[in-house]
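Only this structure's heavy atoms are used, side chains among them; waters, hydrogens and symmetry mates stay out.
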Amino acid sequence: MAAVPARSMSSSTAELLKVMRTIDDRIVHELNTTVPTASFAGKIDASQTCKQLYESLMEAHASRDRVIKNCIAQTSAVVKHLREEREKNLDDLTLLKQLRKEQTKLKWMQSELNVEEVVNDRSWKVFNERCRIHFKPPKNE
């Protein structure tokens, strides 16, 4: 997944994160349709299914984390630059307006890290409830 330029952050990144969170949004459905209940346990290889879902979740969570942190870093650099420019031009209202806009964007991206934590926790809870008897994740992850 390519990084999103900081300038196009607002709606495009929100859309990107929405698409990237699809796996988390559909995890209950995915588990219900692929991991058998005890009565159907012999008909499907639940351990392989859970392993694949685990790997998909790990990749999705890492990708989203990278995208969000990359956007935060880029926007932080823009905010820093605008602050420096603002100190040189205290009367420039356009610059002030741009600085405020970028600061708001930065706060939103930082809050996305908290959203990400909630989304990830929910997904892992559901995953562990259904897959704990079929698959044990590696200890180092």
Student check: side-chain heavy atoms of [X] and [Y] closer than 4.5 Å:
X    : Y    : value
D24  : L57  : yes
R64  : N120 : yes
L53  : I23  : yes
I27  : R122 : yes
L113 : I72  : yes

With rounding to the nearest 0.5 angstrom, report the [atom1] to [atom2] distance, [X] to [Y].
X    : Y    : atom1 : atom2 : result
N128 : I133 : CG    : CD1   : 12.5 Å
T94  : N89  : OG1   : CG    : 10.5 Å
H61  : S56  : NE2   : OG    : 10.0 Å
R26  : S123 : CZ    : OG    : 13.0 Å
K136 : S47  : NZ    : OG    : 12.0 Å

### Task
Spell out, as yes or no, whether a donor-acceptor pair under 3.5 Å connects the side chain of N70 to the backbone of R66.
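Looks like no, no N/O pair under 3.5 Å.
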
Output yes when a side-chain donor or acceptor of D92 lies under 3.5 Å from a complementary backbone atom of L95, and no otherwise.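 At least one qualifying donor-acceptor pair exists.
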
Listed partners of [X] passing salt bridge (charged side-chain N to carboxylate O under 4.0 Å, His left out), at least two apart:
X    : value
E129 : K125
E55  : K51
D65  : K69
K107 : none

According to side-chain hydrogen bond (donor to acceptor under 3.5 Å, both in side chains), who are the partners of R100, at least two apart in sequence or on a separate chain?
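side-chain hydrogen bond (donor to acceptor under 3.5 Å, both in side chains) list for R100, sorted by chain: Q103.
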
Which atoms form the tightest heavy-atom contact between [X] and [Y], and what is the distance?
X    : Y    : result
M109 : C71  : SD-CB, 3.2 Å
P137 : Y54  : CB-CE1, 3.4 Å
C50  : F135 : CB-CB, 3.6 Å

Quick one: salt bridge (charged side-chain N to carboxylate O under 4.0 Å, His left out) pairs with a partner in residues 73-86, sequence neighbours left out?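 Qualifying pairs, neighbours excluded: K80-E84, E85-K88.
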
Among E112, M20, Q110, whose side-chain contact (heavy atoms from CB on, under 4.5 Å) with I68 holds?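 So, applying the side-chain contact (heavy atoms from CB on, under 4.5 Å) to I68 and each of E112, M20, Q110, only E112 qualifies.
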
Check against side chain to side chain contact (heavy atoms under 4.5 Å, CB included), K105 and V78:
CA-CA 11 Å; K105 192 187 301 184; V78 171; over 6 Å; no

